[in-house]
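A short write-up of the structure that comes next.
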There are 2 protein chains.
Amino acid sequence: MNKPVTPKYMVVHGEILKRLKSNHYSVGTRLPSEESLAGTFKVSRVTIRKSLEMLVDAGYLASRQGSGYHVNCLSPQRETCLASFTDAVLRKGRVPGAKLIGIDVPHPDPPEDISDVFDAPVARIHRLRTVDGEPELLVSTWVPTDLVAGLAPDAFPEFGPDQSILRILSDRFNLAWSRACETVHPCAAPNDVAEHLGIAPGTPILSVACTAYDDTDLPVFHDQVFRATPIVFNLSRSARKTDPI
Amino acid sequence: MNKPVTPKYMVVHGEILKRLKSNHYSVGTRLPSEESLAGTFKVSRVTIRKSLEMLVDAGYLASRQGSGYHVNCLSPQRETCLASFTDAVLRKGRVPGAKLIGIDVPHPDPPEDISDVFDAPVARIHRLRTVDGEPELLVSTWVPTDLVAGLAPDAFPEFGPDQSILRILSDRFNLAWSRACETVHPCAAPNDVAEHLGIAPGTPILSVACTAYDDTDLPVFHDQVFRATPIVFNLSRSARKTDPI
DNA sequence: CAAGATGATTAGTAGATACAGATTGATTAT
DNA sequence: ATAATCAATCTGTATCTACTAATCATCTTG
């Protein structure tokens, strides 16, 4: 029964983030000073600084010496496969959807690039992700079968915040990753993909492949996404904190 | 003449990074302990920790409680337009090249998506970047003419480390950016692009557009890249330090 | 010889303190 | 009214201290 003690700065970070998201501190306004927040949360200035620094790194806040911490935005994420598509869509005020096309446990004949990554038998979850009902991404998620015992269609709701594959894998199957490699390829839409996405076959689209690994460098899951829409990244100062070009 | 004082942790960070790159500490080995490094650099443990933390965030080092700091790698960058292509190629042990196709100061008729971004007249630098002599990227860089007074072909060497556009813009023209937005589009290779890249017209390729802004949110330069090869990202733990999905 | 206990080493967390440097707003002088 | 000055406020940097928790090599014991 060794309870994992959450560090204070994590608790405070979570609390402030919750306040940001619930508009307790709204965009454009100034946060109370470090000193004041330290008093509020009953921690030292060092601790509150660590929490705030994390929020600055993540893009939520901006700090100016002599002025204070200002609320930047509430959606600082980059759009990669590992940033939750569900969350990204929700943040834009649109409605995300997930149509389950099929589940194969195990998949009888995984393509070579998949069997190259995983030694064990793998399951495939095949879904069409939508925005306001319009098809956006065609996603194949591959996971070793022994990591997702009891995988069934009911784990994949078509609507609501629980359709995020990352949340499903982490919450229901206790699956954690710590490192990932993502590649973006150009390709011509194959017939079946084009049909799902509602575009003409042969149209240039993006194929995004992503493999995630755990602490021991074992592959945990592989995501393969087809999308006709561009990927957008917002790079900030913090992205080049070290090794400036 | 107020000299900008560099904080100690920055100085130490730079020094350690230099040692890493010069193989003073080689990949796989362990760094001296925090205590020891603090002694070496004549700073407190808190300060040395800040420097090391930056290197961990950047991906150079990994820290394990009770064990120490281990040298991870020497090339932790993500491959975006804002990560220097020159550096990325050099790190792989290949030879980067840059063939200058043309410079227009100012460009007589910039396309709409460019004039939408910049109010002022803009210059265009048009280059073909190569790896081991093979064409890799077709790049158009757009910059307001008043930011690059005296722009001439001799600023763009075909070989060597000084072909990086980012280095050229920052070193020779004192041009600094602090924020950028990058988008990755799929497209079919237009005839002229295909010819430069040595591929068939109509082949699906990537079009990467990137606009960089300075502190005051004024656009500083715009990069437009065509590439037939995939983009690779390496994501690490630190990329989801906050707001885990 | 092998398994387990032990102690030294090392990073992680947390606090108090001090001063420097930037910003802001109020006060004062012109 | 406007400008200059000053003081209060707030973040940035830096040090010292103390304790916790994970790791690793060594020693002990069965």
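Numbers restart at 1 for each chain; the letters A, B, ... are given by sequence-line order, proteins then strands.
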Rounded off to whole Å, could you give me the [atom1]-to-[atom2] distance for the [X] and [N] pair?
X       : N      : atom1 : atom2 : value
B:Leu61 : C:dG12 : CG    : P     : 11 Å
A:Tyr9  : C:dG15 : OH    : P     : 13 Å
B:Phe41 : D:dT13 : CZ    : C1'   : 18 Å
A:Glu34 : C:dG15 : CD    : C1'   : 15 Å
B:Lys50 : D:dT15 : NZ    : P     : 12 Å
A:His13 : C:dA14 : NE2   : P     : 14 Å
A:Arg49 : C:dT17 : CZ    : C1'   : 14 Å
B:Ile48 : D:dT15 : CD1   : P     : 10 Å

Hey, are B:Arg129 and B:Thr86 close enough side-chain-wise for a donor-acceptor pair under 3.5 Å? yes

Would you say A:Ser33 and A:Ser36 are linked by a side-chain donor-acceptor pair, where the criterion is simply a distance under 3.5 Å?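 There is no such pair between these side chains.
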
A:Ser51 (side chain) donor-acceptor with A:Tyr9 (main chain) under 3.5 angstrom: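 Pair found, side chain donor or acceptor close to backbone of A:Tyr9.
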
Donor-acceptor pair, side chain of B:Ser115 and main chain of B:Glu112, under 3.5 angstrom: yes

Taking only residues two or more places apart in sequence, or in another chain, which ones meet B:Arg127 in a salt bridge (charged side-chain N to carboxylate O under 4.0 Å, His left out)?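 Counting only residues at least two positions away or on another chain, B:Arg127 forms no salt bridge (charged side-chain N to carboxylate O under 4.0 Å, His left out).
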
Mind checking salt bridge (charged side-chain N to carboxylate O under 4.0 Å, His left out) for A:Arg19 and listing every partner two or more places apart, or none if nothing turns up?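 A:Arg19 satisfies salt bridge (charged side-chain N to carboxylate O under 4.0 Å, His left out) with A:Glu15 only.
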
Do any side-chain nitrogens or oxygens of [X] fall under 4.0 Å of OP1 or OP2 in [N]?
X       : N      : answer
A:Tyr69 : D:dG12 : yes
B:Thr47 : D:dT13 : no
B:Lys8  : D:dT15 : yes

Reading nucleotides 16-26 of chain D 5' to 3', which nucleotides get B (base under 4.0 Å from a protein heavy atom), which S (sugar-phosphate only), which -? B-B--BBBS--

By nearest nucleotide on DNA chain D, pick out whichever of A:Leu31 and B:Lys42 is the more 5' one. A:Leu31

Which distance, rounded to the nearest 0.5 Å, do you find between the CZ of B:Phe156 and the CD1 of B:Ile125?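 Reported to 0.5 Å precision, the distance equals 3.5 Å.
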
